Amino acid sequence: MTKDQVEVVAIAAAWSAGIGVVGLLIATFTRQLSLRWRFALVALVAVAGVVAGVLGTARAMFLSDHDFEVVLWVSGVAGLVATGFALLVAREVVQESKAVQAAARRLGDSGRFVAPDGSASELTALSQELTSTSEKLAESRSRERSLESSRRELVAWVSHDLRTPLAGLRAMAEALEDEIVDDPKRYHRQIRENVDKMTRMVDDLFELSRIHSGVFPLQLDDLALCELIGDAVVESDPMARSRGVRLDVFAEPDTYVRGDARELSRVISNLMVNAIRHTPDDGSIAVNARRIGEHVEISVHDACGGISEDDLPRVFDVAWTGAPARTPDGAGGTGLGLAIVRGIVEAHRGTVTVRNVDPGCLFAVRLPA
């Protein structure tokens with residue numbers, strides 16, 4: 001490159017850079033304007049940079065007055081054409097932006113975002129993010145409605161289940177106070193039973209509140225399934241014997257799970273007590289524990305006769321106690337046991353399911369091995 005060429009390049013760069021700096025300052029102070037005008041500004045700055053470069057280097061390039069005038073006319077016409085095309089492109093971008101804006105406004109009104117078609121890649125990415133956000137909001141609203149419904153059901157259920165034993169306690173206390181009772185020991189025993197029932201209910205409510213609030217600490221250890229099943233059987237066996245229910249238990253040896261011994265024992269005990277309560281006298285319950293791939297599965301198969309398909313999705317809901325056909329002797333539980341089971345299992349990053357398998361239901365807990 002010759003010295004003259006270097007000089008021309010340097011002069012053109014200086015003049016064009018000066019126009020670019022001015023354009024950048026204008027863009028900074030006008031950044032709140034419509035995209036239409038900002039696109040036009042880009043075109044004008046680009047053409048002005050070319051014109052400035054030509055003006056600055058005209059003498060160095062030894063242009064005649066006629067040639068110089070021609071270059072100015074060409075630059076001016078090119079600038080007008082470029083500005084016109086820039087405005088057309090800006091018009092399309094502004095329309096796409098308004099379409100996204102309208103869809104976002106509908107998101108606020110209806111909670112659902114429908115992405116417009118044919119947008120630029122950046123606006124398409126924004127539309128995808130808004131679509132994902134609308135789906136998350138819909139899930140959140142659905143979950144909130146479900147929680148609110150559960151809360152109302154829980155309040156109504158607690159009020160109902162506490163009112164009956166409290167009324168009984170009051171009646172028995174008044175009878176004892178008035179000394180019109182033939183067998184005071186029987187009344188004292190019934191009072192104690194009602195108090196024990198309400199205590200269990202309050203304890204279950206407290207446990208459930210800890211699970212739902214997220215303050216549910218777990219003391220994790222490597223636990224042998226055989227020992228967990230054995231402890232649950234020892235705890236449930238007296239109840240099973242009193243009802244004539246047979247417990248068939250199998251647990252694979254040398255199978256371990258990472259978890260909280262106390263809480264997992266409660267899970268198995270709750271499932272077994274639930275199965276015993278709903279299995280007819282002289283029936284049998286099968287309890288199995290085995291490893292399946294990267295998980296361990298603990299299943300409890302009772303002989304309750306099954307649960308209606310409509311009720312199956314609600315089995316682990318708070319206050320669900322089952323249909324009358326499932327509790328033939330009226331010995332229903334507090335309605336919190338299975339909800340606590342689900343909470344404890346999910347805290348261990350596991351799952352619990354139920355399905356009808358003749359002659360009853362099969363509850364299956366899966367935990368990471």
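Here the structure is a predicted model, which is why all the values come from computation and not from measurement.
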>> Applying side chain to side chain contact (heavy atoms under 4.5 Å, CB included) to H188 and L176, what does each step give before you reach the verdict?
In response: CA-CA 9 Å; H188 286 131; L176 289 171; 3.8 Å; yes

>> Is there a side chain to side chain contact (heavy atoms under 4.5 Å, CB included) between L362 and V354? Walk through the geometry before answering.
In response: CA-CA 6 Å; L362 179 68; V354 59; over 6 Å; no

Nearest atoms (heavy-atom pairs only) where [X] meets [Y]:
{"X": "L264", "Y": "G259", "answer": "CD1-CA, 4.0 Å"}
{"X": "Y256", "Y": "V296", "answer": "O-CG1, 3.8 Å"}
{"X": "G337", "Y": "N270", "answer": "O-ND2, 3.4 Å"}
{"X": "G306", "Y": "N356", "answer": "CA-OD1, 3.4 Å"}
{"X": "A275", "Y": "V300", "answer": "CB-CG1, 3.8 Å"}
{"X": "V341", "Y": "L271", "answer": "CG1-CD2, 4.2 Å"}

To the nearest 0.5 Å, tell me how far [X] [atom1] sits from [Y] [atom2].
{"X": "M172", "Y": "R189", "atom1": "CE", "atom2": "CZ", "answer": "11.0 Å"}
{"X": "T199", "Y": "R192", "atom1": "OG1", "atom2": "CZ", "answer": "8.5 Å"}
{"X": "C304", "Y": "I276", "atom1": "SG", "atom2": "CD1", "answer": "13.5 Å"}

Taking the side chain as C-beta and beyond, is there a heavy-atom pair between [X] and [Y] under 4.5 Å?
{"X": "H348", "Y": "E263", "answer": "yes"}
{"X": "V245", "Y": "M239", "answer": "no"}
{"X": "R355", "Y": "L312", "answer": "no"}
{"X": "F363", "Y": "I298", "answer": "no"}
{"X": "R291", "Y": "E252", "answer": "yes"}

> Should K197 and E193 count as an ion pair when the cut-off is N to O under 4.0 Å?
Replying inline: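 Looking at K197 and E193, the cut-off is not met.
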
> Charged N to carboxylate O under 4.0 angstrom, D222 versus R258?
Replying inline: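 Yes, this pair counts.
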
Does [X] use its side chain to pair, donor to acceptor, with the backbone of [Y] at less than 3.5 Å?
{"X": "H301", "Y": "V357", "result": "yes"}
{"X": "D260", "Y": "Q219", "result": "yes"}
{"X": "N288", "Y": "S299", "result": "no"}
{"X": "R366", "Y": "G350", "result": "no"}
{"X": "D178", "Y": "I180", "result": "no"}

>> Evaluate V257 against L228 for side chain to side chain contact (heavy atoms under 4.5 Å, CB included), listing each step before the verdict.
In response: CA-CA 10 Å; V257 64; L228 287 175; 4.0 Å; yes

> What's the verdict on side chain to side chain contact (heavy atoms under 4.5 Å, CB included) for I229 and V233, showing C-alpha distance, side-chain angles and the deciding distance?
Replying inline: CA-CA 6 Å; I229 300 297; V233 169; 4.2 Å; yes

